Amino acid sequence: MLKILINECIQEVSSFNPISSNLEQFQLNKNNMILEVHAQLITEVSGALNIFDKNDIDVIPGFSARAMSSGGLLPDKDFEFIAANILTSVEDSIGQVDGYYFALHGAMQSPSYEDPEGWLLEEVVKRVGCEMPIVISLDMHGILTEKMCQNIWAFSMLHTYPHVDFQENGERSAKLLLDLIKSKKRPCIIDVPIPALVRGDELITETGLLGTFYQKTDGLVQNNPAVLAAGLMIGNPFTDVLGLKSHVVAICEDKKNIAAIEKQCSAIAEEFWSKRNKLQATTISLADAFIRFKELGATVVFADAADATSSGASGDSNAILEGVLKFDPTIRTLLPILDDNAAANAHSAGVGSAISVHLGGSCDPQFSPTEIKVEVLLLTDGRIDNESHGGIYDAGPTALLKYEGLRIIVFSKPIHLFDRSIFISHKCNPKDFEIVVVKSPHTQFKFFSAWVKDTLIIDVPGATSANLKRLGHKKCERPIFPLDVISSFTPLTRCYQ
Ligand SMILES: [Zn+2]
């Protein structure tokens with residue numbers, strides 16, 4: 001019976017969030033607890049486990065660190081704790097396993113580790129040698145680096161945005177790993193980097209241009225028996241590290257016919273480059289958004305992409321709150337905001353109390369708190385059913401606050417806000433509101449787009465602004481579009497084996 005060690009290390013950071021993330025924001029599990037936890041979740045690991053189960057593989061669960069939200073840089077000691085646990089499981093497995101699967105995101109960053117995942121994989125190979133098959137799964141927003149490619153046999157990535165194929169991604173990785181264990185042949189990874197950062201509605205794979213590029217890379221796999229996997233990595237524009245860029249990649253069985261595959265990857269990269277202007281976000285000023293809202297006369301999502309906790313922002317921006325207060329606070333508006341002090345005050349005062357709270361800027365000093373007198377409508381312990389992935393979000397103590405037409409949900413710990421989980425758990429039906437503030441650039445169609453009149457990406461400040469030039473990148477390799485003007489692009493292929 002084949003034996004495979006699995007480990008998980010998943011976090012996405014925004015380098016522009018001034019507040020460090022920390023280990024408390026991770027679900028940490030060891031050994032068999034990993035299997036129990038993932039049996040309840042829709043994740044890469046659960047997808048991989050399905051495949052391993054069907055193939056009678058003896059799975060050895062190592063260590064799992066899974067961030068419940070994104071955030072600022074992870075302190076070195078916290079990353080080193082995760083890495084040490086994973087590497088211990090690797091050391092314990094030497095001589096006992098046939099291959100390694102790592103579920104990674106790819107957009108981590110620590111002060112001393114620009115490429116934590118690449119470093120970790122290099123340390124794994126130092127221990128197990130390069131003859132041992134290693135396959136990883138990545139988010140399409142991961143930063144694909146040379147060090148990662150040099151230390152793995154193959155990888156798969158998410159193909160959907162908003163992401164719905166976590167399990168399929170894990171299944172793809174697991175199948176790749178089983179095939180490679182059987183063939184014992186290390187494939188080559190073809191990588192065509194593109195100096196472009198992309199955002200906006202065209203990234204929605206079901207309806208937008210990015211989806212057509214994944215169709216092209218799927219075509220590479222279907223039409224070339226030697227291509228085991230292919231896809232695009234677009235990086236997380238908010239993880240400001242040297243390796244940040246987009247990529248077209250293909251995993252090839254061997255170097256036979258590689259020139260033809262490289263040519264096809266380069267052609268896809270050139271087309272991606274030619275459409276780079278369309279692959280940018282269309283934002284709207286707050287003032288214009290209120291005009292548009294009045295014109296539409298039905299529920300509108302104000303997407304606070306700049307404060308997207310799932311991309312690494314802090315969740316404490318009050319920019320849109322202040323806008324609503326100034327424009328017309330009687331508009332029925334539903335708005336979440338991270339503020340542990342306000343939540344604690346509401347819990348001390350109790351339901352039905354009138355209290356004064358300061359909202360906004362509890363983490364990110366670029367926001368100044370807004371003082372507002374509110375009524376406490378509801379209090380919870382912040383254990384929120386996660387409608388996207390199953391399981392529970394832990395938002396810490398929360399409160400639903402009322403101010404005229406506004407219903408403000410304050411929560412104490414960052415959680416993903418790309419679905420309706422926080423609204424449902426506070427008995428707020430988004431359909432009862434005129435403006436719903438969603439702290440994410442995009443959401444699954446069924447959650448909001450299926451019924452709202454429009455989704456407006458508001459151009460307000462924040463650590464994950466869709467207006468990338470606002471952010472002030474310092475580390476990523478320049479020039480890069482759209483931060484710089486680049487007159488021409490000639491694809492240069494890299495090949496790792
Ligand atoms: Zn992603």
Side-chain angles (χ1 to χ4, degrees), residues 8-17 21 25-26 41-45 47 65-72 74 102-109 116-117 136-145 148 155-170 172-173 196-206 208-211 213-214 217 231-241 243-247 249 279 281 303 305-313 315 386 388-389 393 414-419 438-445 447 457 463-466 468:
E8 182 180 42
C9 177
I10 290 195
Q11 190 200 22
E12 176 173 4
V13 309
S14 168
S15 316
F16 306 105
N17 180 342
S21 52
Q25 294 158 1
F26 283 76
L41 300 177
I42 300 166
T43 59
E44 279 90 351
V45 170
R66 188 177 169 71
M68 288 174 285
S69 185
S70 308
L74 186 66
F102 293 87
L104 306 176
H105 182 288
M108 287 181 91
Q109 187 188 4
E117 296 91 345
I136 65 172
S137 53
L138 291 168
D139 190 296
M140 64 167 70
H141 293 113
I143 287 93
L144 185 70
T145 65
M148 287 159 96
F155 72 100
S156 67
M157 81 291 284
L158 293 172
H159 284 197
T160 59
Y161 177 77
H163 307 316
V164 290
D165 63 329
F166 295 102
Q167 279 187 311
E168 291 84 348
N169 189 22
R172 287 191 282 272
S173 272
L197 303 177
V198 293
R199 298 304 286 166
D201 290 350
E202 292 296 340
L203 266 54
I204 298 172
T205 44
E206 204 168 298
L209 268 176
L210 186 63
F213 285 103
Y214 280 100
T217 52
L232 294 99
M233 294 289 294
I234 58 172
N236 178 31
F238 316 114
T239 312
D240 182 21
V241 292
L244 178 61
K245 53 186 69 170
S246 299
H247 303 257
V249 290
L279 294 163
D307 196 29
T309 47
S310 54
S311 303
N386 176 337
S388 294
H389 306 143
Y393 285 126
I415 58 167
H416 289 155
L417 297 168
F418 48 46
D419 55 30
V438 177
K439 288 182 182 272
S440 171
H442 297 104
T443 60
Q444 286 187 50
F445 180 81
F447 294 151
I457 299 182
T464 56
S465 170
L468 301 180

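Side chains are part of it too, since the values below use all heavy atoms of this structure and drop only hydrogens, waters and symmetry mates. Each ligand, and each atom within it, is numbered from 1 in the order the structure gives. Computed from a prediction, not measured in an experiment: that's the story for all the values here.
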Glu12 backbone or side-chain N/O/S under 2.8 Å from the Zn ion (ligand 1): no
His141 N/O/S atom closer than 2.8 Å to the Zn ion (ligand 1): yes
Tell me if the centroids of the rings in Phe238 and His141 come within less than 6.0 Å of each other. no
So, Ser14 and Asn17: side-chain donor and acceptor under 3.5 Å apart, yes or no? no
Less than 3.5 Å apart, any donor N or O on the side chain of Ser173 or Glu44 sitting next to an acceptor on the other? no
Would you give the angle at the Zn ion (ligand 1) between His163 atom NE2 and Asp139 atom OD2, to the nearest 10°? 90°
Can a donor-acceptor pair be found, under 3.5 Å and without considering hydrogens, that links the side chain of Asn236 to the backbone of Val13? yes
